[in-house]
Novice: 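Could you have a look at this structure, given as structure tokens, before my questions?
Within every chain, numbering begins at 1; the chains are lettered A, B, ... in the order of the sequence lines, protein sequences first and strands thereafter.
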Amino acid sequence: MPPHRYTPALAQSIELAWQDRWEGEGTFHTPNPTGALSEGFERVADRPKAFVMDMFPYPSGAGLHVGHPLGYLGTDVTSRFLRMDGHNVLHPMGYDAFGLPAEQYAVQTGQHPRVTTEANIEAIAAQLRRLGVDHDIRRTFATIDPGYYKWTQWIFTRLFEAWFDPDADGGRGQARPITELVAELDAGTRQSAPGTLPEGRVWAELSEVERRQVVDAHRLAYRHEAPVNWCPGLGTVLSNEEVTADGRSERGNFPVFRRPLTQWMMRITAYAERLLSDLDRLDWSDSLKQMQRNWIGRSTGARIAFPVGPESVEVFTTRPDTLFGATYLVLAPEHPLVEALAAADWPDGVDPRWTGGAATPAEAVAAYQRQASRRSELDRQAEGREKTGVWLGATAVNPLTGRDLPVFIADYVLTGYGTGAIMAVPGEDTRDWEFAQAFGLPVVRTVQPPAAFDGGAYTGSGPMINSSNDQLSLDGLDKAGAIATVTEWLVAHGHGEATTTYKLRDWLFSRQRYWGEPFPIVYDSDDLPIAVPESMLPVLLPEVDDYSPKTFADDDDTSLPEPPLSRATEWVTVTLDLGDGPKTYRRETNTMPNWAGSCWYYLRYLDPADDERFVDPALERYWMGPRSAGDTGGVDLYVGGVEHAVLHLLYARFWHKVLFDLGYVSSEEPFRRLVNQGYISAFAYTDARRFYVPAAEVVERDGQFFHDGEPVNREYGKIGKSLKNMVTPDEMIEAFGADTFRVYEMSTGPLEQSRPWETKAVVGSQRLLQRVWRVVVDEETGQPRVADTEPDAGTSRALNRAIEAVRDGMGTLRFNIAIARITELTNHLTQAFGPGTAVPRSVAEPLVLLLAPLAPHVAEEMWSRLDHPDSVAWAQFPVAEQRWLVDDTVEVAVQVNGKVRAQVSVPADADAAALEAAARADERITGYLDGATVRRVVVVPGRLVNFVLG
RNA sequence: GCGGGAGUGGUGUAACGGCAGCCACGCCAGACUUAGGAUCUGGUGCCUUCGGGCGUGCGGGUUCGAAUCCCGCCUCCCGCACCA
């Protein structure tokens with residue numbers, strides 16, 4: 001074998017050497033325009049900035065498999081390309097390190113979570129370094145660093161010290177400091193939000209404590225008692241986003257129960273409209289935007305009040321047009337008016353289906369409420385959609401028909417959505433139809449179904465029928481017209497109003513776990529919360545003897561949360577001087593959810609060591625600020641998994657908008673462009689007993705698969721230990737080198753696309769790098785085999801076409817295209833400049849530059865051997881010369897009736913007439929045209945000629 | 001059920017409405033070799049009577065021309081799911 005062949009061993013020694021040099025020289029240090037990291041900024045001052053980021057990893061301890069680096073490599077290639085193409089590029093990395101998995105792993109191993117977490121971080125950092133990524137490691141931090149979570153706590157205090165003014169910013173709504181609310185309440189220029197004042201009281205006459213309670217109820221971070229998701233198996237409560245559709249925890253898959261508890265909430269619902277409408281301004285995939293839209297769940301309709309005796313029940317409906325068809329009302333079992341509305345006795349002759357077998361309405365209600373509260377979401381699912389409920393013994397009145405409407409409670413109406421009460425229209429709603437069938441309730445159709453329709457509820461469109469009284473007629477109108485007409489009537493007569501509701505709920509923010517940010521909150525002698533002042537931050541997580549949370553049997557729904565910090569009694573009770581002398585306070589013992597740390601980490605990369613503020617505003621403007629009027633600003637490219645569609649990405653957008661409203665950031669959105677990288681899966685194999693066998697040991701013969709000579713069955717799935725198809729980057733780097741691994745991962749498809757892993761195909765990428773190496777370096781001497789000769793025209797064309805296509809592939813994250821064009825160029829050079837023929841330097845150098853973002857180590861080595869002392873990372877990326885992108889002559893297809901029958905070679909600038917003449921001159925074409933009538937000739941210069949025969 | 005996305009060789013994929021399958025894996029053949037899981041060269045959609053014919057999930061449509069645009073199906077993937 002030649003002594004200087006690009007073998008895995010040579011690749012590895014090149015890679016390790018360059019990784020050391022990059023670190024030693026600070027090659028990837030990104031200068032800030034100002035402040036501590038501004039050294040060297042003058043070098044890049046005239047460059048446009050580019051902020052490229054990955055969703056930072058959670059250091060789990062399970063180790064990386066070959067799927068994990070895909071996104072990291074995608075941003076790395078992009079970042080390196082942009083740097084070479086003249087940008088000041090910021091490509092940082094950090095670690096999301098608080099949270100349940102680290103804590104649970106620590107519980108298993110008996111180690112403090114910090115110890116295991118830091119070991120895991122170190123392992124991932126080493127793997128990332130070995131991949132050759134160009135992170136500016138001076139900016140790396142973990143969310144568990146006190147210097148970081150100090151500012152997470154500080155941002156929490158900003159949310160605590162703010163309220164949402166729905167009238168601000170021209171009715172769009174905006175966060176404002178809470179002190180301004182107090183001032184307006186004191187001045188009498190503002191009424192407190194509905195439901196926040198004690199019944200029948202006014203602000204001016206409240207006691208100091210009562211006033212504080214009213215103010216607390218307005219805060220963006222507030223305490224609230226409500227049914228929450230209690231997960232005994234984890235010993236903590238969870239947010240809606242952390243509970244799966246079948247009522248289990250996303251982490252750990254434990255059952256979740258609804259229990260009323262007092263918890264910290266974040267008023268994300270105040271931002272529902274802005275979170276929804278600003279999606280239109282973001283460069284995100286349609287599917288991701290749609291997921292957020294669905295989660296926010298905006299629907300427009302009307303609130304309608306139905307009198308029930310002395311009370312009034314308000315319902316929300318998106319179909320006020322069907323009001324003439326409303327034949328009963330249903331309240332959620334937990335609706336606050338249920339007890340007040342329940343009648344004392346059943347009337348004579350009550351339908352037995354309506355009573356639940358109880359002697360009185362009150363008993364029926366109590367029994368049904370108990371049953372509903374005990375049922376977990378999972379049980380409801382398991383029972384299917386059979387409708388249950390009981391009658392309250394009360395009736396409402398339909399404001400349009402005057403008809404009596406029996407009022408039921410049923411668990412198919414949810415407390416949390418709309419008003420927790422509905423008007424039931426069995427003619428046009430499937431759920432109401434099912435309930436009406438089960439309870440023998442009348443059906444009135446108000447939308448004319450098609451003649452052939454013979455189903456139950458008709459949910460399609462059609463003209464209104466049966467919808468008139470002496471004041472109003474909707475008959476014959478379409479849906480939109482009927483909604484407008486009836487809403488106008490309801491408003492005019494005081495029965496209701498047009499309104500919008502959202503599925504989005506406020507974000508449950510407290511967790512009863514140890515391994516999270518402590519709340520920067522203390523309680524005074526009135527048991528009311530006070531924010532810890534900035535000067536006393538961070539509130540450090542105390543050392544405790546037992547950091548594991550108290551967990552319970554998975555299904556123990558009677559258990560109550562018990563935060564581990566509550567057992568740190570010396571920490572909980574604290575004496576502080578908050579401005580009125582030293583007093584004793586009690587610390588909040590909940591911790592924040594692990595989403596808190598990832599809500600703002602992108603900002604901290606900009607100014608990682610700042611102890612005076614969470615980020616220097618000048619740095620935020622430089623890296624994140626809007627570029628033009630109407631631009632949201634934000635990170636220029638954010639790459640990560642789609643699993644964060646409604647968790648991290650919604651929470652981070654919410655915090656960012658609050659920071660924007662309060663004037664701390666200039667950008668309106670955190671992530672201007674977002675791409676979800678695909679997943680890498682792999683084949684797995686099962687033997688006759690259906691057990692998985694190690695995939696690496698399976699051989700293929702004639703389309704069949706064998707393990708130890710026995711036939712096995714091929715499956716496809718997630719890479720991991722359980723399917724015995726684990727492949728790690730370390731193995732691949734060991735066998736091929738990091739550059740080959742990088743090129744292979746990038747060559748298998750566009751970044752967004754999921755793809756299978758195929759180890760045997762990696763050799764193709766290795767061959768490519770070997771061919772490039774052989775084009776540039778003499779395998780016998782190790783010297784460059786270039787000369788200052790002029791390339792021929794064909795080579796120049798091949799080079800410039802490759803440059804053009806590689807640039808396009810880099811910009812659109814289709815690195816597979818870039819690699820295919822580099823391969824073509826390399827193959828051309830291999831053929832054109834065989835052994836003994838020097839390669840023109842003006843071609844070899846651009847080839848190395850094109851390859852540099854994808855295979856940076858071998859590119860550095862070749863660049864160096866081509867006598868360039870400086871890193872290729874800062875070399876100028878090639879720009880195509882236009883004159884080589886157009887051919888002198890082109891091959892044009894000649895079609896007859898749309899079928900290609902010949903090729904003719906013509907000058908590239910031949911006009912339509914010349915092209916047609918050339919086509920007619922081809923003897924195969926004359927054969928077709930002889931004796932036929934040419935009805936039409938379509939000529940597209942440079943592309944084709946099509947003769948349409950009659 | 002609702003919403004979103006995708007269906008192209010044995011495989012991963014590529015094609016401004018204009019020559020379908022670039023590039024790679026695999027496979028076949030050859031060269032160089034003591035040897036090859038190295039390297040290089042050539043071939044490789046299917047059928048074929050060697051003229052050609054057929055081919056982008058299925059069926060229609062628009063167009064001189066459709067993988068691409070439109071309509072209706074089918075299949076797969078993802079998200080949501082008693083949200084009024």
Novice: Between A:Arg801 and A:Glu804 (salt bridge meaning N to carboxylate O under 4.0 Å), is one present in this structure?
Specialist: no

Novice: From CH2 of A:Trp295 over to C1' of B:G79, roughly how many Å is that when rounded to an integer?
Specialist: 11 Å

Novice: Quick one: do A:Lys289 and A:Asp280 make a salt bridge, cutoff under 4.0 Å?
Specialist: no

Novice: Between B:A20 and B:G65, how far is it from one P atom to the other, in whole Å?
Specialist: 15 Å

Novice: Sugar-phosphate means primed atoms, P, OP1 and OP2; the rest is base. With that split, encode nucleotides 8-28 of chain B 5' to 3' as B, S or - using protein heavy atoms under 4.0 Å.
Specialist: ----SSSSB-BB--BSSSS--

Novice: Which parts of residues 416-425 of chain A get close to RNA chain B, meaning a heavy atom less than 4.0 angstrom away?
Specialist: A:Tyr417, A:Ile422

Novice: Rounding to an integer number of angstrom, what distance separates B:C69 and B:C25 when you compare their P atoms?
Specialist: 31 Å

Novice: How would you label the glycosidic angle of B:G60: syn (within 90° of 0) or anti?
Specialist: anti

Novice: Between C1' on B:A84 and CG on A:Leu323, what's the gap in Å once rounded to a whole number?
Specialist: 14 Å

Novice: Separation of A:Arg5 atom CZ from B:A38 atom P, in whole Å?
Specialist: 11 Å

Novice: Is B:G9 in the syn or the anti form, by the rule that syn lies within 90° of 0?
Specialist: syn

Novice: In whole angstrom, give me the gap between the P atoms of B:G10 and B:C47.
Specialist: 10 Å

Novice: Hey, can you tell me if A:Tyr651 and A:Trp507 have their rings parallel, tilted or perpendicular (30° and 60° cut-offs)?
Specialist: parallel

Novice: Using a 3.5 Å limit on both distances, find every run of at least three consecutive Watson-Crick or G-U pairs that involves RNA chain B.
Specialist: B:1-7 with B:74-80, B:10-12 with B:23-25, B:26-31 with B:39-44, B:45-47 with B:52-54, B:57-61 with B:69-73

